Amino acid sequence: MLEPARLFKEMGFGIQATRGTHAFLKANGIDAQLVKKLGFGRPDLVDGIKTGEVSLVVNTPSGSQSQQDDAYIRKTAIRYRIPNVTTPAAALAAAKGIAARKRGLDALCTLQSYTRALR
């Protein structure tokens with residue numbers, strides 16, 4: 001998750017993270033705002049989505065409680081039309097896509113054209 005976080009920071013995104021992820025990012029030189037886990041006080045991520053403070057959710061859940069939280073976060077993101085990615089690969093693809101768009105690269109290509117180029 002470091003590469004997507006670094007790319008998002010380089011593009012000027014603010015990053016919010018719960019305790020464990022916050023510590024991991026900080027240990028790797030990436031500044032993030034500490035937010036509370038769902039059910040452990042306010043404000044939490046869902047509050048940020050509802051207030052418009054959050055414009056993209058990157059949530060890679062692990063464990064049963066995380067799965068329950070993920071379902072609630074995902075439903076809230078959908079309701080407020082906020083993009084939500086749930087895997088490190090998707091986070092990296094989103095970061096690279098946003099970076100390319102910011103550089104003016106906005107041509108769309110089909111998945112088939114990318115596959116042909118790899119051969």
Side-chain angles (χ1 to χ4, degrees):
M1 287 299 299
L2 286 176
E3 188 176 358
R6 281 197 179 100
L7 285 171
F8 283 125
K9 270 313 240 189
E10 288 171 6
M11 290 185 284
F13 281 79
I15 297 176
Q16 296 182 0
T18 54
R19 189 176 60 234
T21 303
H22 181 267
F24 174 75
L25 293 174
K26 185 176 181 179
N28 285 281
I30 299 172
D31 185 42
Q33 177 186 350
L34 181 63
V35 294
K36 294 177 174 70
K37 282 191 171 282
L38 298 185
F40 288 87
R42 310 285 286 270
D44 58 26
L45 177 62
V46 170
D47 293 325
I49 293 170
K50 290 179 176 179
T51 62
E53 185 180 339
V54 173
S55 58
L56 172 68
V57 174
V58 176
N59 185 32
T60 57
S62 61
S64 61
Q65 183 60 47
S66 292
Q67 296 288 334
Q68 291 171 358
D69 291 350
D70 177 58
Y72 189 64
I73 291 166
R74 186 175 52 253
K75 289 174 189 174
T76 305
I78 290 167
R79 184 176 305 120
Y80 286 85
R81 297 182 175 187
I82 303 296
N84 179 49
V85 295
T86 58
T87 66
L92 182 57
K96 286 182 175 184
I98 293 167
R101 178 65 187 221
K102 284 183 166 254
R103 288 191 312 270
L105 304 173
D106 59 0
L108 299 176
C109 298
T110 65
L111 183 58
Q112 291 81 1
S113 67
Y114 283 115
T115 304
R116 278 194 298 274
L118 293 174
R119 293 181 188 160

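A quick note: this is a predicted structure, and the numbers were derived from the prediction, not measured.
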Heavy atoms only: give me the nearest [X]-[Y] pair and the separation to one decimal.
X	Y	answer
Ala77	Asn84	CB-CB, 4.1 Å
Ala5	Ile30	CB-CD1, 3.8 Å
Gln16	Val54	OE1-CG2, 3.9 Å
Lys102	Met11	NZ-O, 3.7 Å
Ser55	Pro83	O-CD, 3.4 Å

Would you give the length of the straight line joining atom [atom1] of [X] to atom [atom2] of [Y], rounded to the nearest 0.5 angstrom?
X	Y	atom1	atom2	result
Leu34	Lys26	CG	NZ	9.5 Å
Ile82	Lys50	CD1	NZ	13.0 Å
Phe13	Leu7	CZ	CG	10.5 Å
Asn59	Tyr72	CG	OH	14.0 Å
Arg6	Leu25	CZ	CG	9.0 Å
Leu45	Asp69	CG	CG	9.5 Å

Quiz item: With the 4.5 Å side-chain cut-off for hydrophobic clustering, are Ile15 and Ile73 part of the same group?
Solution: no
Exercise. Could you pull out all residues at least two apart from Arg42 that satisfy side-chain hydrogen bond (donor to acceptor under 3.5 Å, both in side chains)?
Key: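 With neighbours one apart ignored, the set is Asp47.
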Exercise. Evaluate the criterion side chain to side chain contact (heavy atoms under 4.5 Å, CB included) for residue pair Val58 and Val85; output intermediate values, then yes/no.
Key: CA-CA 5 Å; Val58 176; Val85 295; 3.5 Å; yes
Exercise. Kindly determine whether Arg79 and Thr76 satisfy side chain to side chain contact (heavy atoms under 4.5 Å, CB included), including the steps that lead there.
Key: CA-CA 5 Å; Arg79 184 176 305 120; Thr76 305; 4.2 Å; yes
Quiz item: Within the distance-only criterion (no hydrogens, no angle test), does the side chain of His22 pair as donor or acceptor with the backbone N or O of Ala32 below 3.5 angstrom?
Solution: yes
Exercise. Take Phe8 and Leu56 through the test side chain to side chain contact (heavy atoms under 4.5 Å, CB included) and record every step on the way to the result.
Key: CA-CA 10 Å; Phe8 283 125; Leu56 172 68; 3.4 Å; yes
Exercise. Assess whether side chain to side chain contact (heavy atoms under 4.5 Å, CB included) is satisfied between Val35 and Thr18, documenting all intermediate values.
Key: CA-CA 5 Å; Val35 294; Thr18 54; 4.2 Å; yes
